[in-house]
Amino acid sequence: MTKVYLTTAIPYVNGEPHLGHPLDYLLADFYARYRRLHGDTVRLQAGTDEHGNKIYKKAMAAGKEPQDFADENSKKFQDFIKALGVEYTDFIRTTNATHEARVQEIWTRLKEHIYKGTYEGWYCEGCERFVTDKEYADSSGICPDHQAAYQKLTEENYYLRLSDFKPEITAAIESGDLRILPEFRKKEMLKLISDAPDVSISRPRQHLPWGVPVPDDDSQVMYVWVDALSNYITVLGYPDQDISEYWPANVQFVGKDILRFHAIIWPAMLLGLGLPLPKVILSHGFVLSDGQKMAKSLGNVVDPLDVLKRHGLDAFRYYFSRHFDTFMDSDFTWEKFDDAYNNELANDLGNIVQRLSVLCQKNNIYGLVFTPQPDPTYEKLMDDFEFTKAIDYAWGKLQELNREINDTAPWAVAKSDPARAKELLIKLTHQLLAANHLLKPFLPITEQVEQVFLSQQVTPPSTPLFPKERS
RNA sequence: CGCGGGGUAGAGCAGUCUGGUAGCUCGUUUGGCUCAUAACCAAAAGGUCGUUGGUUCAAAUCCAACCCCCGCAACCA
């Protein structure tokens, strides 16, 4: 039995889950379910990133303790992940005391690659933070929130010496030992690595009051990287426990925006610890709303809970698997979502279940047995993480089946030759169950479909699957 | 010349590496069927494949130049 470890990026819990968050979880869950159907033991991690300035300030603004604030938001994310039907096995929080202790030990073990340096940049007193060069340029040197000029400021930081690891990381990515997906991101990452300066991994305590203290230096607090990225191994028990059963991870699912950190800083940390690199880092695109990036300022933010409520969990997972490209940005609109529900889920899957179950009932079919057969085309797609193409392929099977039902017309055959009709229906039902089986990683409702046909006596579901809503 | 992605039917995309009558899903129109959720099946309409030039018997596909859209450039999924 193969052991599989999959990870998802841990979201920063300074706000509510939005429609972009499900992607990591769903992709990981599709793959996890697929491997579990093959009998593999899958460990699927999820969690929340809870330190940092933004959370500290939001908590202060709300008159709360940072920990209480983090507790509330972490809970929201955990509930959300459950609502998505994601079968995760571990949930890690960066404010967990065990995680914090482990992170400090990790820092200590990385010490020979860490040095103290100074960081100089543009700083806003009001925001209490440094701004990027781009922000500085865009705002002509004036903070838009505080109408105050940015100041040049210097502070002490610890740095991770990336140069110690660049050749090894580059070689791993080039050879495919560390596979970056999609392929077109690989070049981008290689270029970024060659240009990457050493990374600042700490902040003075007065600038970052909410975080894990740097060991042996009370004046400094760890910045996000060492703290958050370590979650993938602290959740397994590192460094107190042997993690070789599950590490290296088979696949790490991340958004395209944070791929660079997972392709550069994270491998550097792992090499510094003497741990193997993950086998695959898969980066997915963004969820666009009406063709645009979702942003509060644009007023096009969609609440994922509303989407879940609209047509239920299966519709949600269906839309995000079949109408979202696994690797590229894709668009969400209510109209497309409703169309997918009505024209595809209801008309194809829902209707065909109804169609065949009624025919089976009328022809008194019972005691069916189903054994899934391997489908190499489908498995190749799933193994390559081409989820959109895999579900598309499975859907094609449903459409073929509809054609075949029309062509063979079992209802007509039943009038003259009931025995032959029965035989036909059993064959057609097996085809449906085979297609249904391919949909299992994506749609939980497939369990219900099996129940309909594999129960003692085939009876149509009391209410059709995916009932159409009359508008 | 910062890096990367993209421009193919009303919408979303495949096809480009390995040149050879332009394909899929959804939508539209017409016909068929009646087992089924006003469902299903068939057929049709709809594209000068971003622009210009080149190579070739033949270019969405190869080469060159250009135009347009999008993302990224230390905390944004």
Side-chain angles (χ1 to χ4, degrees), chain A residues 8-12 14 17-25 49 51-54 119 121 129-134 157 182 184-192 195-197 199-201 203 208 223-225 228 253-261 265 283-288 291-295 322-325 327-331 333 335-336 339-340 342-363 388-389 392 395-396 399 401-407 409-414 421 425 428 460-461 463-470:
Chain A
T8 59
I10 54 174
Y12 194 58
N14 64 339
H18 61 69
L19 199 56
H21 286 112
L23 240 35
D24 267 14
Y25 306 126
D49 176 17
H51 288 125
N53 236 326
K54 280 191 184 170
Y119 178 84
R129 70 181 187 105
F130 286 95
V131 296
T132 63
D133 289 347
K134 187 190 178 183
N157 285 181
F184 66 78
R185 296 265 177 232
K186 184 170 156 181
K187 252 193 287 175
E188 199 179 341
M189 288 308 123
L190 287 170
K191 168 82 176 147
L192 276 169
D195 295 347
V199 205
S200 158
I201 54 171
R203 294 289 183 273
L208 183 58
Y223 184 54
V224 63
W225 309 126
F253 294 87
V254 302
K256 64 177 185 180
D257 55 331
I258 53 171
L259 172 62
R260 63 191 54 206
F261 311 124
I265 302 175
S283 89
H284 58 75
F286 277 174
V287 179
L288 307 178
Q292 284 183 305
K293 191 169 174 172
M294 273 186 286
R322 186 143 187 245
H323 291 277
F324 263 69
D325 186 278
F327 301 112
M328 299 208 278
D329 291 355
S330 301
D331 198 29
T333 67
E335 196 190 351
K336 285 181 189 172
D339 280 351
N342 286 314
N343 303 328
E344 296 168 26
L345 277 175
N347 290 355
D348 292 335
L349 182 57
N351 180 56
I352 212 165
V353 167
Q354 199 68 16
R355 217 184 165 183
L356 269 181
S357 58
V358 168
L359 281 167
C360 285
Q361 188 185 40
K362 286 184 177 170
N363 289 276
T388 311
K389 287 177 183 153
D392 221 41
W395 217 260
Q399 291 166 325
L401 181 56
N402 258 329
R403 240 168 275 144
E404 199 164 333
I405 297 175
N406 275 49
D407 292 348
W411 57 91
V413 175
L425 283 170
L428 292 168
T463 46
L465 309 183
F466 311 115
K468 280 207 183 179
E469 282 124 38
R470 291 158 196 268

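A, B, ... follow the sequence lines: proteins, then strands. Residue 1 opens every chain. Note that the structure is predicted; figures quoted are calculated from it, not measured. Below, each value reflects all heavy atoms present in this structure, side chains not excepted, and no hydrogens, waters or symmetry copies.
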Asks: At under 4.0 Å between heavy atoms, what does A:Val199 touch on the DNA or RNA strands: base, sugar-phosphate, or nothing?
Replies: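 Counting heavy atoms under 4.0 Å across all strands, no contact is made by A:Val199.
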Asks: Determine the Euclidean distance between corresponding P atoms of B:C63 and B:C70; express it in Å to zero decimal places.
Replies: 27 Å
Asks: Measure CG/A:Leu428 against C1'/B:A36 and give the value in whole Å, please.
Replies: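 The answer, rounded to whole Å, is 13 Å.
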Asks: OP1 or OP2 of B:A36 less than 4.0 angstrom from a side-chain nitrogen or oxygen of A:Lys362, does that happen here?
Replies: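 So the side-chain polar atoms of A:Lys362 do come within 4.0 Å of the phosphate oxygens OP1 or OP2 of B:A36, strictly under.
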Asks: May I ask you to say what A:Ala9 touches in the nucleic acid, namely base, sugar-phosphate or nothing, with a heavy-atom cut-off under 4.0 Å?
Replies: nothing
Asks: Across the strands shown, which category fits A:Gly255 at heavy-atom distances under 4.0 angstrom: base, sugar-phosphate, nothing?
Replies: sugar-phosphate
Asks: At their closest point, which heavy atom of A:Val287 faces which heavy atom of A:Leu19, and how far apart are they?
Replies: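 That would be CG2-O, 3.6 Å.
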Asks: If you compare all heavy atoms of A:Leu428 against all heavy atoms of A:Pro410, which two are closest, and at what distance to 0.1 Å?
Replies: CD1-CG, 4.0 Å
Asks: Shortest non-hydrogen contact from A:Ala228 to A:Ile10?
Replies: O-CD1, 3.9 Å
Asks: Could you work out the separation of B:C17 and B:U25 based on their C1' atoms and round it to a whole Å?
Replies: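 Approximately 25 Å lies between the C1' atom of B:C17 and that of B:U25.
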Asks: How many angstroms lie between CG in A:Leu208 and CG in A:Asn53, if you round to the nearest 0.5 Å?
Replies: 5.5 Å
Asks: Does any part of the side chain of A:Ile352, heavy atoms only, come nearer than 4.5 Å to the side chain of A:Asn402, both counted from C-beta?
Replies: yes
Asks: I need the A:Gln354 CD to A:Thr463 OG1 distance, nearest 0.5 Å.
Replies: 9.0 Å
Asks: Describe the nucleic acid contact of A:Gly52 in one word from base, sugar-phosphate, nothing, applying a heavy-atom distance below 4.0 Å.
Replies: nothing
Asks: For A:Asp325 and A:His18, take the nucleotide of RNA chain B holding the closest heavy atom to each; which residue's nucleotide lies nearer the 5' end?
Replies: A:Asp325
Asks: Would you list the protein and nucleotides 3-6 of chain B atom pairs, both N or O, that sit under 3.5 Å from each other?
Replies:
residue: B:G4; atom: O2'; partner: A:Glu188; partner atom: OE1; Å: 3.4

Asks: Measuring only the P atom in each nucleotide, how far is B:G19 from B:G32? A whole number of Å is fine.
Replies: 47 Å
Asks: Taking any heavy-atom pair under 4.0 Å as a contact, classify A:Lys54: base, sugar-phosphate, or nothing.
Replies: sugar-phosphate
Asks: Nearest-nucleotide wise, let me know which of A:Asn402 and A:Leu359 is further upstream toward the 5' end of RNA chain B.
Replies: A:Leu359
Asks: Rounding to a whole Å, what distance do you find between A:Leu192:CG and B:C72:P?
Replies: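 To the nearest whole Å, that distance equals 13 Å.
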Asks: Mind checking what makes ring-ring contact (aromatic ring centres under 6.0 Å, His included) contact with A:His51, not counting sequence neighbours?
Replies: A:Trp210
Asks: Once you apply a heavy-atom cut-off of 4.0 Å, does A:Tyr119 come out as touching a base, just sugar-phosphate, or nothing?
Replies: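 Base: the residue A:Tyr119, judged by heavy atoms under 4.0 Å, touches a nucleobase.
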Asks: In dot-bracket form, 5' to 3', how is RNA chain B paired? Count Watson-Crick and G-U wobble pairs only if both distances fall under 3.5 Å, and write | where the partner sits on another strand.
Replies: .(((((((.[[[[.)....(..]]]].(((((.......))))).....[[[[[..)....]]]]])))))).....
Asks: Kindly write out the residues that satisfy salt bridge (charged side-chain N to carboxylate O under 4.0 Å, His left out) with A:Asp407, not counting sequence neighbours, or none if the list is empty.
Replies: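 None.
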Asks: Can you tell me, in whole Å, how much space there is between the P of B:C62 and that of B:G20?
Replies: 11 Å
Asks: Please state how far atom CG in A:Asn14 lies from atom C1' in B:A77, giving the value in whole angstrom units.
Replies: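 In whole Å, B:A77 C1' and A:Asn14 CG are 12 Å from each other.
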Asks: Report the distance from atom CG of A:Asn53 to atom C1' of B:A74, rounded to the nearest whole Å.
Replies: 14 Å
Asks: Taking protein heavy atoms under 4.0 Å as touching, what does nucleotides 25-32 of chain B look like 5' to 3' if B marks base contact, S marks sugar-phosphate-only contact and - marks none?
Replies: SSS----B
Asks: Just the rounded figure in Å: distance from C1' of B:G12 to CG of A:Asp329.
Replies: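 Result: 14 Å.
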Asks: Can you check the A:Arg355 CZ to B:C33 P distance for me, whole Å?
Replies: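 Rounding to the nearest Å, CZ of A:Arg355 and P of B:C33 are 15 Å apart.
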Asks: Please determine, for the side chain of A:Ile258, which listed nucleotide (B:A74, B:C72, B:A77) has the closest atom?
Replies: B:A77
Asks: What distance, rounded to whole Å, do you find between the two C1' atoms, one in B:U8 and one in B:A60?
Replies: 7 Å
Asks: Identify whether any heavy atom of A:Val358 sits under 4.0 Å from a base atom; if not, whether one sits that close to sugar-phosphate; answer base, sugar-phosphate or nothing.
Replies: sugar-phosphate
Asks: Using the P atoms only, state how far B:C3 lies from B:C41, rounded to an integer number of Å.
Replies: 49 Å
Asks: Just the rounded figure in Å: distance from P of B:A74 to CG of A:Leu208.
Replies: 18 Å
Asks: Ignoring the backbone of A:Asn351, work out which of B:A74, B:C72, B:A39 is nearest its side chain.
Replies: B:A39
Asks: With side-chain contact (heavy atoms from CB on, under 4.5 Å) as the test, would you mind laying out the steps for A:Lys256 and A:Phe286 before giving the verdict?
Replies: CA-CA 8 Å; A:Lys256 64 177 185 180; A:Phe286 277 174; 3.8 Å; yes
Asks: Using the P atom as the point on both nucleotides, what is the distance between B:G5 and B:A14, in whole Å?
Replies: 14 Å
Asks: Taking the side chain of A:Trp411 as heavy atoms from C-beta outward, which of B:A36, B:C72, B:U34 is closest to it?
Replies: B:U34
Asks: Round to the nearest Å and state the distance from A:Ile405 atom CD1 to B:A42 atom P.
Replies: 13 Å
Asks: Does a side-chain N-to-carboxylate-O contact under 4.0 Å join A:Arg185 and A:Glu188?
Replies: yes
Asks: Holding to salt bridge (charged side-chain N to carboxylate O under 4.0 Å, His left out), I want the full list of residues that pass it with A:Asp331, two or more places apart in sequence or in another chain.
Replies: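 With neighbours one apart ignored, the set is A:Lys336.
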Asks: Could you work out the separation of B:G50 and B:A59 based on their C1' atoms and round it to a whole Å?
Replies: 16 Å
Asks: To the nearest 0.5 Å, what is the distance between CG on A:Leu356 and CG on A:Leu401?
Replies: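 Nearest 0.5 Å value for the CG-CG distance: 5.5 Å.
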Asks: Just wondering, do A:Leu349 and A:Trp395 contact through their side chains at under 4.5 Å, heavy atoms?
Replies: yes
Asks: In sequence, state the C-alpha distance, the side-chain angles, and the governing distance for A:Ser200 and A:Asn157, and then conclude on side chain to side chain donor-acceptor pair (under 3.5 Å).
Replies: CA-CA 6 Å; A:Ser200 158; A:Asn157 285 181; 2.7 Å; yes
